[in-house]
Amino acid sequence: MAKKNIRPDQSGTHRGAFEKAKRKIYATQNICGICGKPVDFTKKYPHPLSPCIDHIIPLAKGGHPSDMDNLQLAHWTCNRQKSDKLIDRREVKVQEVISNRILPHSIDWKKYKPAKEIDKDTRDIGTTVTDETKPKQKIYI
């Protein structure tokens with residue numbers, strides 16, 4: 001009878017460390033490291049989108065079986081399709097939300113220059129009418 005290939009993360013010295021890392025990944029990650037879509041933890045193993053742990057560098061290619069830097073969350077089908085291939089790790093883009101909450105709430109008004117004078121009759125900046133018959137009207141902007 002042929003001897004089964006026993007993986008160290010399934011039974012062996014790395015099993016305890018793998019389980020600890022698995023619990024930590026399940027608690028901290030929620031995006032598939034292969035396809036970049038959210039993982040639903042309510043789905044269980046036979047379901048194709050159930051969560052599982054993927055070795056970024058496969059064990060067959062010399063990856064560490066229980067190192068946190070070599071493990072990531074994945075969908076079961078994504079992990080099956082990846083198999084023992086090396087792929088580029090996808091970085092999940094976080095969309096930046098722009099709102100008025102990030103604007104400063106107070107302004108140092110001492111840094112602002114006084115408004116420039118505009119003559120209402122000529123609309124020239126900084127000039128005034130020299131005719132004494134017309135009263136000077138200044139508009140500030």
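One is the number of the first residue; the rest follow in order along the sequence.
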- Report yes or no: does Lys85 contribute a side-chain atom to a donor-acceptor pair with the main-chain N or O of Gln81 at less than 3.5 Å? yes
- Apply side chain to side chain donor-acceptor pair (under 3.5 Å) to His14 and list each qualifying residue two or more places apart in sequence or on a separate chain. Ser66
- side chain to side chain donor-acceptor pair (under 3.5 Å) against Asp9, all qualifying residues, sequence neighbours excluded: Arg7, His55
- Task: Could you state whether Leu86 and Leu59 fall into the same hydrophobic cluster, counting links through intermediate Ile, Leu, Val, Met, Phe, Trp or Tyr residues with side-chain heavy atoms under 4.5 angstrom apart?
- Result: no
- Task: Please name the pair of heavy atoms, one in Leu73 and one in Pro51, separated by the smallest distance, quoted to 0.1 Å.
- Result: CD1-CB, 4.0 Å
- Message: I'd like to know if the side chain of His75 and the backbone of Pro38 have a donor-acceptor N/O pair within less than 3.5 Å.
- Response: yes
- Query: Does the Lys82 side chain pair with the main chain of Ile56, one donor and one acceptor, at a distance under 3.5 Å?
  - Reply: yes
- Query: Which value, rounded to the nearest 0.5 Å, describes the distance between Lys20 atom NZ and Lys24 atom NZ?
  - Reply: 7.0 Å
- Please answer: with hydrophobic residues joined when any side-chain heavy atoms are less than 4.5 Å apart, are Trp76 and Ile87 in the same cluster? no
- Message: Can a donor-acceptor pair be found, under 3.5 Å and without considering hydrogens, that links the side chain of Asn70 to the backbone of His64?
- Response: yes
- Query: Are Ile25 and Phe18 in one and the same hydrophobic cluster, where Ile, Leu, Val, Met, Phe, Trp and Tyr link if side-chain heavy atoms are under 4.5 Å apart?
  - Reply: yes
- Nearest heavy-atom pair of Ala74 and Asp54: which atoms, and what distance? CB-CB, 3.8 Å
- Item | Close side-chain approach of Val39 to Leu49, heavy-atom, < 4.5 Å | no
- Item | Under 3.5 Å: donor-acceptor pair, side chain of Asn79, backbone of Ile53 | yes
- Query: Nearest 0.5 Å, what's the NZ-CG distance between Lys22 and Leu71?
  - Reply: 11.0 Å
